[in-house]
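All residue numbers refer to positions in the sequence shown, counting from 1. Predicted model, so just to flag it, every value in this text is computed and none were measured. The basis for the numbers below is simple: all heavy atoms, side chains too, and nothing from hydrogens, waters or symmetry mates.
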Amino acid sequence: MTAQAHTSEHEPAETAVEDDGWRRLDPKMLLIRPVRELVKFVVPLFAIFVAGRVSGGFQYEYYSFIGVAIVIFLGILHWFTTSYRIGPDQVELRTGLLRRRHIGVPRDRIRTVDMSSDLMHRFFKLSAVTIGTGQQTTERHDKLKLDAITAQAAAAMRTELLHRTSVSTTKTTQQFPVDAAGDETETELVRLDPGWLRFAPFTLSGLAAVGAAVGIFGHSVNDFRIALERYGPVQQAITTVEQMGVLAAVAVILVILVVVVAICSTVAYVLAYWNFRLTREQAGTLHIRRGLLTTRSVSIEERRLRGIEIKEPLPLRIVRGARVSAIAAGLSRGGKGAERSSGGLLLPPAPLAEAHKVTAKVLRETTDPTTTALLKHPAAAIRRRFTRAIGVAAILVVIAAALAWFAILPAWVFTISLVLLPLAAILGWDRARSLGHALTDRYLVSRKGSLQRETTAIGIDGIIGWRIHRSFFQRRLGLVTLVATTGTPHGGHFVIDVTESEAVRLIAGSTPAILPTIAT
């Protein structure tokens, strides 16, 4: 049943409100939306314009101007065809002209209310509010996005929808107190230290940007049939590389790549995490704010928090760095790029010691549970780490040897491939050294991985079930993989390669009411 919002006698003049409680987005979107649409279509419109110039045909330029007018019209039309309302039972959104969409999110199923503001939003003091239910489906109906309302209204809306306060729905969307966004009592847990920028080059987040740039550049060169070797600087670079030899050239290229990736990673770190601040609100909500050009605000209800995950990618671990993420029910892992994995980020790449402090504060513990002494896994699990790492490397070496034998690849490729064997042995040793688990009075702690070492602390009270996996090779070694389910988007939390008796002990010690029988 669709709920209707009550109207207020004190409505802002700029807010268009219909009799049944529906209202439109902020009128400033009439300026923002057309610009965004033009940015989306700038490449094809520019291509049409250039084609007209080259061919001398005025009609192509004329078509480009018509295209610009259509795009601007569609941007303006979006505002007139979009409306929303917030009732006592659900939040609704209507949008579209030819294809009309009506999305309704029940208020009792709302799990996340995220706020984001790009440069244009911030210029007009607006925010985009994304309301989600935390359902992990491929459908878009589990999220409702209001783009955009005033930043002040967005902050108050977040407070009401998450905290289930008694504030009237009219005030939520029309007339909020001036102090709604900032006067609620908050306790700061951590904020970004500029000194943490030293960890940015080791995140390797710039590697994707460099790869994408190289791909786009190469594709453009191929499409336009540009002969780069005809240009003086390119000719000089090719000549220099030929004179240096293969190994020296590879070394120089790697150094240049490392420098470029480090610079891009630092820029990405600043853009994503500048002004990062983690606070705890009096109503029991963790509030994360971050971003330089585009700001983002994420709230996590503590009653839905199931645990903490400390991630230490190998480059970051070398410099004693880590990042912390929340494991929470209803925390969506959707989105693209950075948005896909950083919704529950509680600490950006920072010193490992700071990660342990933040974990203890978030869990309201005196010490971080992930620092608990971990039990070593059986010898069979240790051997499995080595055999899997060295086995993959040996297969690659055999393939390289075969290709070199049939003269498909030069012999030096096989020689270089031999380096993979000692590297694989080191990788297996590190994976074996990282493997461990522990069961305390309140947490199940597990650690695994080398290239991406993950240490997880799950609250025992949040475990709702168990899964036991055994592959063919695990059965031969008497090992199992234990998976604790918590109803979070992570899909389960693994304690890999433990004995059957140890798996039973962990289940009995944490959830004695749930004790499955391990089939032989």
Does [X] reach the side chain of [Y], with side-chain heavy atoms less than 4.5 Å apart?
X: Thr486; Y: Ile458; answer: yes
X: Ile288; Y: Phe276; answer: yes
X: Asp118; Y: Thr295; answer: no
X: Leu161; Y: Ile131; answer: yes
X: Thr387; Y: Phe473; answer: no
X: Tyr269; Y: Leu192; answer: yes

Is there any salt bridge (Lys or Arg N to Asp or Glu O under 4.0 Å) pair reaching into [range], and which pairs are they, with sequence neighbours excluded?
range: residues 144-153; result: Arg36-Asp147
range: residues 412-440; result: Arg317-Asp430, Asp430-Arg433
range: residues 436-445; result: Glu365-Arg442

Do [X] and [Y] have a side chain donor and acceptor closer than 3.5 Å?
X: Thr455; Y: Thr370; result: no
X: Arg158; Y: Ser299; result: yes
X: Thr485; Y: Trp466; result: no

Got a salt bridge between [X] and [Y], using NZ or NE/NH1/NH2 to carboxylate O under 4.0 Å?
X: Lys311; Y: Glu309; result: yes
X: Asp368; Y: Lys357; result: no
X: Glu302; Y: Arg364; result: yes
X: Glu188; Y: Arg289; result: no

Heavy-atom closest pair, residues Thr266 and Pro201: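 Between these two residues, the closest heavy atoms are OG1-CG, 3.7 Å.
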Spatial distance of atom NZ (Lys361) from atom CG (Leu286) [nearest 0.5 Å]: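 So the gap between those two atoms works out to 12.5 Å.
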Who pairs with [X] by ring-ring contact (aromatic ring centres under 6.0 Å, His included), at least two apart in sequence or on another chain?
X: His287; answer: none
X: His121; answer: none
X: Phe414; answer: none

Any donor-acceptor pair under 3.5 Å from Arg304 side chain to Ala329 backbone: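 Here the side-chain-to-backbone pair does not exist.
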Over 12 foreign heavy atoms within 6.0 Å of CZ, Arg320: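 Result for CZ/Arg320: open.
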Residue from Lys448, Gln474, Arg383, His377 passing side-chain hydrogen bond (donor to acceptor under 3.5 Å, both in side chains) with Asp497: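 Option passing the side-chain hydrogen bond (donor to acceptor under 3.5 Å, both in side chains) with Asp497: Gln474.
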